[in-house]
Amino acid sequence: MSDEPSYRDVQSAVRVEKFRIWFAWFCGGFIMLGIAIAAQDMAVVSVVTQTLLVVLGILSTIAAVTMTNRLNRRAVEARRKVLGDDM
């Protein structure tokens, strides 16, 4: 038995991590929506809050996509290693 994880193990781990990333992104978006709705009746606070939440939403989306892309690259490397396509 080898100490190295199999391609299937890596794929399963990548799938779970992607789910965690996007689940956290969704939950954060839901919380931000709740905050925006709660602050909508306060004039200046509402504008500032919505602006901050849009910026944070964009940044969290960029972070989630970046993390997903890195996981995809890791899975491709594991696939190449298992199939013997190392260059």
- [ ] Taking only Lys NZ, Arg NE, NH1 and NH2, and the carboxylate oxygens of Asp or Glu, determine whether Glu17 and Arg20 approach each other closer than 4.0 Å.
- [x]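 Looking at Arg20 together with Glu17, the answer is yes, because their closest N to O distance falls below 4.0 Å.
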
[X] to [Y] - nearest heavy-atom pair and separation:
X: Ala39; Y: Ser46; result: O-CB, 3.1 Å
X: Gln11; Y: Ala75; result: OE1-CB, 3.1 Å
X: Gly57; Y: Trp25; result: O-NE1, 4.4 Å

TODO: Please check if Ile21 and Met32 belong to a single hydrophobic cluster, counting links between Ile, Leu, Val, Met, Phe, Trp and Tyr side chain heavy atoms closer than 4.5 Å.
DONE: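 The answer is no; the residues belong to distinct hydrophobic clusters.
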
Open item on the list: If I take atom CG from residue Asn72 and atom CZ from residue Arg79, how far apart are they, to the nearest 0.5 angstrom?
Closed with: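 The CG atom of Asn72 sits 13.0 Å away from the CZ atom of Arg79.
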
Task: Spacing of CG belonging to Leu56 relative to CD1 belonging to Ile35, to within rounding of 0.5 Å - done: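 One gets 9.5 Å once the value is rounded to the nearest 0.5 Å.
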
TODO: Among Leu53, Leu52, Thr51, Val47, find the residue that satisfies the side chain to side chain contact (heavy atoms under 4.5 Å, CB included) test when tested with Thr49.
DONE: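 Passing option: Leu53.
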
Task: Residue that, paired with Ile58, satisfies side chain to side chain contact (heavy atoms under 4.5 Å, CB included) out of Thr61, Val55, Ile62 - done: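 Of the listed options, the one satisfying the test is Ile62.
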
Open item on the list: Tell me whether the rings of Phe30 and Phe26 are parallel (<30°), tilted (30 to 60°) or perpendicular (>60°).
Closed with: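 Plane angle under 30°, so parallel.
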
